[in-house]
Amino acid sequence: QVQLVESGGGLVQPGGSLRLSCAFSGSIFHIYHMAWYRQAPGEQRELVASITPRGSNGDYADSVKGRFIISRDNAKNTVYLQMNSLKPEDTGVYYCAGGIAARLTGAYDYWGQGTQVTVSS
């Protein structure tokens, strides 16, 4: 069964950087569309970035374009989110998600437990 486990969250000062990792336990990681979502306190969960199965294309929310980079290493069954120039508005719980048909449907079948990212002085 597919399982996703996030890591790398923590407390960072504004302007700092952080890299999140998501380990995919299944054997067919290379066919999954992957994404990072986040949920700020009192707000709805939002899509931050997504990446195609082979990592050839990444999409980003307007709020993080130019600052965040999503990538994946299919040999390691891992997807990453490199976050640079962090702002207090980036604070929230970040979730890793995967789905076979997500590129077409926007639906993700598997979710990680989330990792907290706090940007504060």
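Because the structure is a prediction, the values reported are computed rather than measured.
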So which heavy atom on Ser71 is nearest to which on Val79, and how close? O-CG2, 3.1 Å
Once you round to the nearest 0.5 Å, how far does NE2 of His33 lie from CG of Asp109? 12.0 Å
Report whether Ile28 and Val2 are members of the same hydrophobic cluster (ILVMFWY, side-chain heavy atoms less than 4.5 Å apart, transitive linking). yes
With rounding to the nearest 0.5 angstrom, report the CG to OG1 distance, Leu18 to Thr115. 8.0 Å
Is there a side chain to side chain contact (heavy atoms under 4.5 Å, CB included) between Phe24 and Cys96? Walk through the geometry before answering. CA-CA 9 Å; Phe24 182 99; Cys96 180; over 6 Å; no
Does Tyr80 reach the main-chain N or O of Ile69 with its side chain, forming a donor-acceptor pair under 3.5 Å? no
Work out which heavy atom in Tyr60 is nearest to a heavy atom in Phe68; give both atom names and the distance. CE2-O, 3.2 Å
Sorted by first residue and then second, give each side chain to side chain donor-acceptor pair (under 3.5 Å) pair with at least one member in residues 5-19; sequence neighbours left out. Glu6-Gln113, Ser17-Asn84
Measure the CG-OG distance between Asp90 and Ser120 for me, rounded to the nearest 0.5 Å. 12.5 Å
In Å, rounded to the nearest 0.5 Å, how long is the span from CG of Asn57 to CD1 of Ile70? 10.5 Å
Going hydrophobic residue to hydrophobic residue with side-chain gaps under 4.5 angstrom, can you get from Val5 over to Val117? no
Are any of the side-chain nitrogens in Asp62 or Lys65 under 4.0 Å away from the carboxylate oxygens of its partner? yes
Is the number of heavy atoms from other residues, nucleotides or ligands within 6.0 Å of CD (Glu89) greater than 12? yes
Is it the case that more than 12 heavy atoms not belonging to Arg103 sit under 6.0 Å from its CZ atom? no
Contact between Arg67 and Met83 at the side-chain level, heavy atoms closer than 4.5 Å - yes or no? no
Backbone of Gly26 reached by a side-chain donor or acceptor of Asn77 within 3.5 Å: yes
The reported gap from OG1 in Thr91 to CD in Gln116 (rounded to nearest 0.5 angstrom) is 7.5 Å
Looking only at non-hydrogen atoms, find the nearest pair between Asn74 and Phe29 and report the distance. OD1-CE2, 3.0 Å
Would you check if the side chain of Arg72 reaches a backbone N or O of Thr52 as a donor-acceptor pair within less than 3.5 Å? yes
Non-hydrogen side-chain atoms of Arg38 and Ser63 separated by less than 4.5 Å: yes
Residues clustering with Tyr95 (ILVMFWY side chains joined when closer than 4.5 Å, directly or via others): Tyr37, Leu47, Val93, Tyr108, Trp111
For the atom pair CH2 (Trp36) and CG (Leu20), what is the distance rounded to the nearest 0.5 Å? 4.5 Å
